[in-house]
Amino acid sequence: MAFPHRPDAPELPDFSMLKRLARDQLIYLLEQADERAASGMMTWKLDDMGLGLPGKKDLFIEADLMSPLDRIANVSILKQHEVDKLYKVENKPAFSSSEQLCFLVRPRIKNMRYIANLVNADKLAGRTRKYKVIFSPQKFYACEMVLEEEGIYGDVSCDEWAFSLLPLDVDLLSMELPEFFRDYFLEGDQRWINTVAQALHLLSTLYGPFPNCYGIGRYAKMSHELWRKLEEEEDGETKGRRPEIGHIFLLDRDVDFVTALCSQVVYEGLVDDTFRIKCGSVDFGPEVTSSDKSLKVLLNAEDKVFHEIRNEHFSNVFSFLSQKARNLQAQYDRRRGMDIKQMKNFVSQELKGLKQEHRLLSLHIGACESIMKKKTKQDFQELIKTEHALLEGFNIRESTSYIEEHIDRQVSPIESLRLMCLLSITENGLIPKDYRSLKTQYLQSYGPEHLLTFSNLRRAGLLTEQAPGDTLTAVESKVSKLVTDKAAGKITDAFSSLAKRSNFRAISKKLNLIPRVDGEYDLKVPRDMAYVFSGAYVPLSCRIIEQVLERRGWQGLDEVVRLLNCSELVFTDRSKEDKASSESLRLILVVFLGGCTFSEISALRFLGREKGYRFIFLTTAVTNSARLMEAMSEVKA
């Protein structure tokens with residue numbers, strides 16, 4: 001299901017410019033000595049440039065910057081710009097003979113210690129070299145403080161590579177900041193607000209202002225406010241520009257944890273859950289490639305086979321691929337009746353394309369078979385059945401027993417945690433007896449080292465215990481009969497400040513997240529966004545976006561906003577609507593702060609096809625349930 005867009009659907013902007021800008025700035029940082037930025041670089045903040053390293057140099061790259069860097073400037077491009085050898089920043093000493101060392105790193109304290117050890121070792125040996133640290137996407141004061149404490153601040157020059165927008169596909173941009181989720185939603189660390197605001201500012205500078213802006217969540221609100229300040233400071237840059245993108249929607253991940261905790265069943269989501277899609281590509285092992293080698297495959301719209309099945313429910317994928325294989329065979333078979341001239345044309349024009357398609361088809365069939373084997377082994381159907389019961393609020397005791405059995409069988413520490421969190425959020429917290437019982441069983445089964453993880457999950461509101469005698473919902477319903485809605489809202493806000501409450505059941509009812517279907521839900525011809533969870537549940541995040549776009553704001557959604565504990569955290573900003581064309585008003589940028597899943601992307605692509613919109617996605621990182629749990633875990637795999 002490639003979701004063919006309606007003939008009147010708007011064209012997507014060309015995001016390849018973002019790659020070119022990032023590459024140009026990196027090359028500038030690697031090469032330049034003392035000159036200032038060229039005029040073509042005006043989009044970037046280069047006011048704080050340090051010294052460059054002209055001439056041959058060795059480049060030390062942090063591990064999680066390697067994949068994004070490869071998408072921007074591969075090894076051959078780096079070599080063209082006098083990078084001699086490449087090293088990985090890791091916990092062992094590096095033996096470089098170069099007179100110039102450049103470090104491309106995230107702004108992390110451990111990286112500063114690594115660099116300091118290397119520089120101080122050179123000092124002890126009486127060796128003099130030039131050192132440059134390039135922080136991506138920005139440098140933090142704390143890092144400079146560590147360099148100063150270590151006594152090397154005067155020995156290194158520091159720069160920023162303001163690279164925070166990586167196009168992974170024609171409609172998907174990633175900031176590649178997986179740590180954002182833990183930093184903000186657990187630690188309350190707001191340091192990435194500036195990075196988000198700068199990224200939004202760059203997009204509005206390149207693609208015109210955004211006439212309509214909506215948002216929900218604390219981080220969304222703070223990012224929006226800082227971004228608007230940046231816009232005001234440089235008002236001239238977008239003045240008079242016609243907007244290319246009509247709407248922008250900012251959404252915090254904690255507005256909807258449920259969707260991110262569910263097992264994915266669309267093809268792209270399943271590939272991510274099973275093999276881990278990293279920076280837009282996936283490593284398929286020998287079990288998929290049918291050889292003794294692994295293969296790195298780029299998954300985007302250029303892969304014609306993948307493009308057609310990425311948004312499909314997994315139950316439809318095999319039949320599609322087998323039909324595709326038959327069509328491909330029929331095209332190959334055409335050769336038999338050809339004369340020499342026809343054969344020559346076939347070989348020069350079609351054969352290469354057919355071979356490429358055949359290779360991709362084999363890979364995706366192999367991936368499907370591998371997924372099927374793993375899911376059959378895990379008894380995936382029983383797992384999905386339990387998840388659906390939790391979402392619908394049925395058979396809670398049976399579902400709790402299933403989770404207990406899951407823990408006792410030691411299926412997977414991450415999976416068991418995920419199911420406990422899903423139970424907690426859908427039930428507005430666990431009753432104390434269940435919380436203590438599940439926690440005890442978990443620690444006995446997987447080990448006491450997981451104790452701190454439970455504290456993290458509680459702080460983030462993912463796994464909570466109802467307070468003794470906690471019947472807030474009953475109290476709220478009585479209160480709301482006695483006083484006006486507004487007053488009830490204030491009382492509810494007071495209650496919710498005592499504990500993070502999910503109110504999932506009430507929200508689900510209000511927004512009709514559980515579709516009522518007579519008979520079987522037809523997954524071949526989906527009727528709504530619920531198909532991404534087998535017809536059982538419409539993703540809350542996507543439903544909110546749909547409702548706000550329909551209403552052109554939050555009017556009529558007061559009760560939903562109150563239940564989400566976001567009464568003070570929603571906003572609508574319509575500053576430049578009069579300049580927008582009807583085409584741009586059907587182009588919508590959705591910004592997920594804290595990560596988005598491939599299920600949400602597929603659901604909104606479906607909504608776009610149904611309503612004549614085109615969605616563009618910007619996320620701090622692509623996430624899934626396992627990544628969410630790993631971010632909260634104190635036990636590293």
May I ask you to decide whether Lys374 forms a salt bridge with Asp273, counting only side-chain N to carboxylate O separations under 4.0 Å?
-> no

At their closest point, which heavy atom of Pro68 faces which heavy atom of Glu176, and how far apart are they?
-> CG-CG, 4.2 Å

Quick one: sort the Phe306 and His364 rings into parallel, tilted or perpendicular, breaks at 30° and 60°.
-> parallel

Evaluate side chain to side chain contact (heavy atoms under 4.5 Å, CB included) for Ile248 paired with Asn212, printing each intermediate quantity in order.
-> CA-CA 6 Å; Ile248 177 172; Asn212 301 292; over 6 Å; no

Going by atom types alone, do Arg418 and Ser412 pair a side-chain donor with an acceptor below 3.5 Å?
-> no

Would a distance-only check, ignoring hydrogens and angles, find a side-chain to backbone donor-acceptor pair under 3.5 Å from Lys132 to Leu29?
-> yes

Under 6.0 Å between ring centres, would you say that holds for Phe275 and Phe284?
-> yes

Derivation and outcome, side chain to side chain contact (heavy atoms under 4.5 Å, CB included), residues Phe454 and Leu463 | CA-CA 7 Å; Phe454 278 85; Leu463 182 55; 3.6 Å; yes

Do Tyr267 and Phe598 make the cut of ring centroids closer than 6.0 angstrom?
-> no

Charged N to carboxylate O under 4.0 angstrom, Arg228 versus Asp573?
-> yes

Identify whether the distance between the nearest side-chain nitrogen and carboxylate oxygen of Lys57 and Glu82 falls below 4.0 Å.
-> no

Ala626 and Ile414: which non-hydrogen atoms are nearest, and at how many Å?
-> CA-CG2, 3.8 Å

Candidate pair Leu166 and Leu18, rule side chain to side chain contact (heavy atoms under 4.5 Å, CB included), full reasoning | CA-CA 7 Å; Leu166 175 65; Leu18 294 169; over 6 Å; no

Look at the aromatic rings of His224 and Trp227 and report parallel, tilted or perpendicular, splitting at 30° and 60°.
-> perpendicular

Counting only N and O atoms by type, is there a donor-acceptor contact under 3.5 Å from the side chain of Asn74 to the main-chain atoms of Asp70?
-> no

Specify the closest pair of heavy atoms between Tyr219 and Gln190, including all atoms of both residues, with the distance to one decimal.
-> OH-O, 3.8 Å

Determine whether more than 12 heavy atoms belonging to other residues, nucleotides or ligands lie under 6.0 Å from atom NZ of Lys229.
-> no

Give a yes or no on whether the backbone of Lys139 and the side-chain of Glu160 come within a donor-acceptor separation of less than 3.5 Å.
-> yes

Between Lys19 and Asp24, is there a salt bridge with N-O shorter than 4.0 Å?
-> no

Test of ring centre spacing under 6.0 Å for Trp161 and Tyr28 = no

Expected output: side-chain Arg310 to main-chain Glu268 donor-acceptor under 3.5 Å = no

Under 3.5 Å, side chain of Tyr131 to main-chain N/O of Cys102, donor-acceptor pair present?
-> no

Return yes if a side-chain donor-acceptor contact under 3.5 Å exists between Asp256 and Thr259, otherwise no.
-> yes

Tell me, yes or no, whether the heavy-atom count around Lys278 atom NZ, taken from other residues, nucleotides or ligands under 6.0 Å, exceeds 12.
-> no

Is the closest side-chain donor-acceptor distance between Thr597 and Glu600 under 3.5 Å?
-> yes

Under 4.0 Å between a Lys/Arg side-chain N and an Asp/Glu carboxylate O for Lys296 and Asp283?
-> no

salt_bridge(Glu634, Arg182) N-O dist < 4.0 Å = yes

CD (Glu302) with more than 12 external heavy atoms under 6.0 Å | no

Is it true that the side chains of Glu231 and His201 contain a donor and an acceptor less than 3.5 Å apart?
-> yes

Validation row, ring centre Trp192 to ring centre Phe140 under 6.0 Å | yes

More than 12 foreign heavy atoms under 6.0 Å from NZ of Lys110: is that the case here?
-> no

Is the Tyr207-Phe15 ring centre distance short of 6.0 angstrom?
-> yes

If only atom types and distance count, is the side chain of Asp169 paired as donor or acceptor with the main-chain N or O of Asn300 below 3.5 Å?
-> no

Do the rings of Tyr214 and His247 sit parallel, tilted or perpendicular, given the 30° and 60° boundaries?
-> parallel

Taking NZ, NE, NH1 and NH2 as the nitrogens, is one of them in Glu630 or Arg276 under 4.0 Å from a carboxylate oxygen of the other?
-> yes

Do side-chain atoms of Arg253 reach the backbone of Leu593 as a donor and acceptor pair under 3.5 angstrom?
-> no

Carboxylate-amine/guanidinium proximity below 4.0 Å for Asp272 and Arg627 = yes

N/O donor-acceptor pair under 3.5 Å between Thr620 side chain and Gly594 backbone | yes

Would you kindly say whether Asp254 and Tyr184 are connected by a side-chain donor-acceptor distance under 3.5 Å?
-> no

Donor-acceptor pair, Glu287 side chain versus Ser370 backbone, under 3.5 Å?
-> no

Would you say Arg129's side chain and Asp122's backbone share a donor-acceptor pair under 3.5 angstrom?
-> no

Counting only heavy atoms not in Lys123, do more than 12 sit closer than 6.0 Å to its NZ atom?
-> yes

When you look at Lys636 and Glu449, which way does the salt bridge (charged side-chain N to carboxylate O under 4.0 Å, His left out) test go after all the steps?
-> CA-CA 10 Å; Lys636 298 306 165 205; Glu449 63 271 21; over 6 Å; no

Will you find, in the side chains of Ser96 and Asp58, an N or O donor that is under 3.5 Å from an N or O acceptor?
-> yes

Distance only, no hydrogens: is a donor on one side chain within 3.5 Å (strictly under) of an acceptor on the other, for Glu62 and Asn111?
-> yes

Quick one: closest heavy-atom pair of Leu65 and Ser136, and the distance?
-> CD2-OG, 4.1 Å

Charged N-O contact under 4.0 Å between Lys221 and Asp252 | no

Would you call Glu179 and Arg191 a salt bridge, using N to O less than 4.0 angstrom?
-> no

